[in-house]
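In this text, all values refer to a predicted model and were calculated from it rather than measured experimentally. The sequence lines fix the lettering, A, B, ..., with proteins before strands; numbering per chain opens at 1.
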2 protein chains.
Amino acid sequence: MAKTQTTIVDIAKELNISPSTVSRALKNHPDISKKTIELVQACAKRLNYQPNALALNLRLGRNNTIGVIVPEIVHYFFSSIVQGIEEVASNEGFNVMLFRSEESYEKELKITNSLINARVAGVLASLSKETDRYEHYQQIIDNNIQLVFYDRICIGINTDRVVVDDYAGALKAVEHLIETGCKRIAFYSSPTHLEISKNRKNGYLDALRKHKLPVNESLMFVCDTRDAAMELTPKVLAMDNPPDAFFAINDHTATGILRAVKQFGLKVPDDISICGFSDGDLALACDPMLTTVEQHGYEVGKTAAKLLIDKINGVTLGQFTNRIIKTKLMVRGTTRVI
Amino acid sequence: MAKTQTTIVDIAKELNISPSTVSRALKNHPDISKKTIELVQACAKRLNYQPNALALNLRLGRNNTIGVIVPEIVHYFFSSIVQGIEEVASNEGFNVMLFRSEESYEKELKITNSLINARVAGVLASLSKETDRYEHYQQIIDNNIQLVFYDRICIGINTDRVVVDDYAGALKAVEHLIETGCKRIAFYSSPTHLEISKNRKNGYLDALRKHKLPVNESLMFVCDTRDAAMELTPKVLAMDNPPDAFFAINDHTATGILRAVKQFGLKVPDDISICGFSDGDLALACDPMLTTVEQHGYEVGKTAAKLLIDKINGVTLGQFTNRIIKTKLMVRGTTRVI
DNA sequence: AACGCTCTTGCAAACGTTTGCACCCCAAAA
DNA sequence: TTTTGGGGTGCAAACGTTTGCAAGAGCGTT
């Protein structure tokens, strides 16, 4: 009804007392008499008073908003992370400002500026694929804003990090393939400069070495989408010495492989085994259902948010922490039982 | 480096001029001399000045943040919507504050309070399944905050709305089933009090009537998850007079039906046809790929955000608008060709 | 010499809070 | 009666901006 939102001054005028008294009364300050407190709080309720967070944050030089930079929103892993972040934040009384970098450095730059303008208390960030300079993140730190990286972390900047255990996840997945009888395991990966590509590749390689299998460069491909997998896979299967298993960097790619293999006339998992890296529900829609590595994005988000809020509240003293979230191999129908 | 972020006053002191001059110089005010403007802007760059949005918004009584209430984040349709919103908002210079209601009325109440505290310029909301009172949304309006509902709209409140054309989508889907020879079409739906259930059911019913097929209550079920579908479907197939097609309220449910039908020993689409309502990539991972109704969440988000921002900017005069986003039938492998 | 004009700059108030300090009043102690 | 003291309240400054208004400088016109 009110053309403008009710303020402390409105209440003060209504009750013929000073704004400072109202302010104190609203928070049950011991200096204020019971009578006044009751009066003020009743009036506040009646006029539907809601404190102005803008004024409050300005005055107190703090902010109850945290910024989140995410490369993509429509993406199972990232949206799980956002959900984890939102949950922790809202429990701790923080609001979440969401930004999508769209895998672009330019956008990321704009976003970090917006975050500084908004004077957020902290930032949770995952690098875009394009990003290879980090001054804008240093600027965030220089502006006294807490910063925690998650998943696509930044090594160039001194700060806290939360990552998925890509190495161990890949190691376990490939070992599972080997233990169920696979000998020539192809690896479909994202561009090699990304940390996750490197780490998962190392897991893949170490699994091979551990089980004394030859490492074969001709079985390693850059291929990380469903469409690319459907195009590449028939060619790979037609090679002289084709693989008997595929390990893919994500489930989208794995579903592409699965479809291509079936179209090629081979049986999964009898002829060919397939293992993905989790993108969510997709794995259960496949036939057979996809063996994959669960990444626990929700945990990543929760952990990162907790870390950040602790830093904001000054709970954590001193050094930077690296948190690693464990992965879990979900064995389903695209790999054989022992 | 600076313990605190640089302000206009810092620049003023540095240059021995007044803050007002700095403020004007930064925005190329014609009153200020070229020399001063250059001086100020150089100094601002050097000290890495970023305007304090808090102070600005307080002073100007405006806000460049919009709030988004979403029932779930990890959900293809809703995350598409959020992506659409984020895109439009960031193009128009608005920040997005994201809240998840978790399908809970209590949470929704807390969120609307937070939004009022934060003095956001506008709110985009989709009702939680639980919500059946709307005072908290009326309060948003009373506080002079623009409000637009999307998808799960609220009829009780006088405001703008953006919805998917559920009725037409369902109608077209069921007609497609009928035209490809199906005569007994089962309908798996969400709880019946939801608008989307009602609208899609009406589409389903009208398709049957239009083609002179009998309406059969025993073919309509409340079932809207993959697991529920896998449990219910075998029973339905074992009925005396089983259906020859299934129309499901979402793709998760459809994938459950598909799996159950195959396990039952029937062929899709030869014996049984299946049509879903789109949850995204899921449809492409199925075998055969799922025929489904594309909902264009991204469009919903973009449209709703545009509508809201127009209202905030006072572009739209007067009446409330209802925008309807068209659906599109994606014919794939779980239905027959004519 | 007085006036009026333009160009540039600064003062001060305002947005809605919080909070250190001062103040008043009344009762109890001296 | 005068001090002391404490409970209750208000003043004013501060957070970082913007902006209406005033004012000074410089210069040309009467």
Review point. Is there a donor-acceptor contact under 3.5 Å from the side chain of B/E86 to the main chain of A/F99?
Key: no
Check your understanding: Tell me: CG of A/L60 to P of C/dG16, nearest whole Å?
Key -> 17 Å
Practice item. May I ask you to say what B/I8 touches in the nucleic acid, namely base, sugar-phosphate or nothing, with a heavy-atom cut-off under 4.0 Å? Key: sugar-phosphate
**Study point:** Atom pair distance, as rounded to whole Å: CD in B/Q5 and P in D/dT17
**Key:** 10 Å
**Study point:** Interatomic distance, B/R62 CZ vs D/dT17 P [rounded to whole Å]
**Key:** 13 Å
Point to revise | Pair B/E14 + B/R46, salt bridge at N-O below 4.0 Å | key: yes
Exercise for review: Report which part of the nucleic acid A/T7 touches: base, sugar-phosphate, or nothing (heavy-atom distance under 4.0 Å, all strands).
Suggested key: sugar-phosphate
Review point. Between C/dT19 atom C1' and A/K27 atom NZ, what is the distance in whole Å?
Key: 10 Å
Review point. What is the distance from CG of B/L15 to P of C/dT8, rounded to the nearest Å?
Key: 17 Å
Exercise for review: Rounded to the nearest angstrom, tell me the gap between atom CG in B/L58 and atom C1' in C/dT17.
Suggested key: 8 Å
Check your understanding: Taking CZ from B/R119 and P from D/dT17, how many angstroms apart are they, rounded to a whole number?
Key -> 21 Å
Check your understanding: In this structure, are over 12 heavy atoms from other groups packed under 6.0 Å from B/R62 atom CZ?
Key -> yes
Check your understanding: When we call it a touch if two heavy atoms are under 4.0 Å apart, what does B/K35 touch: a base, just sugar-phosphate, or nothing?
Key -> nothing
Could you list the protein-to-nucleotides 9-12 of chain D atom pairs, N/O on both sides, closer than 3.5 Å?
unit_1, atom_1, unit_2, atom_2, d
D/dT9, OP1, A/T36, OG1, 2.9
D/dT9, OP2, A/S33, N, 3.2
D/dT9, OP2, A/S33, OG, 3.3
D/dT9, OP2, A/T36, OG1, 3.0
D/dG10, OP2, A/S18, N, 3.0
D/dG10, OP2, A/S18, OG, 3.3
D/dG10, OP2, A/T21, OG1, 2.6
D/dG10, N7, A/R24, NH2, 3.4
D/dG10, O6, A/R24, NH2, 2.6
D/dC11, N4, A/S20, OG, 3.0

Review point. Expressed in angstrom and rounded to an integer, what is the separation of B/L56 atom CG from C/dG16 atom P?
Key: 15 Å
Review point. Any salt bridge between A/R100 and B/E87, counting N to O under 4.0 Å?
Key: yes
Review point. If you measure from CD on A/E108 to OG1 on A/T131, what distance do you get to the nearest 0.5 Å?
Key: 3.5 Å
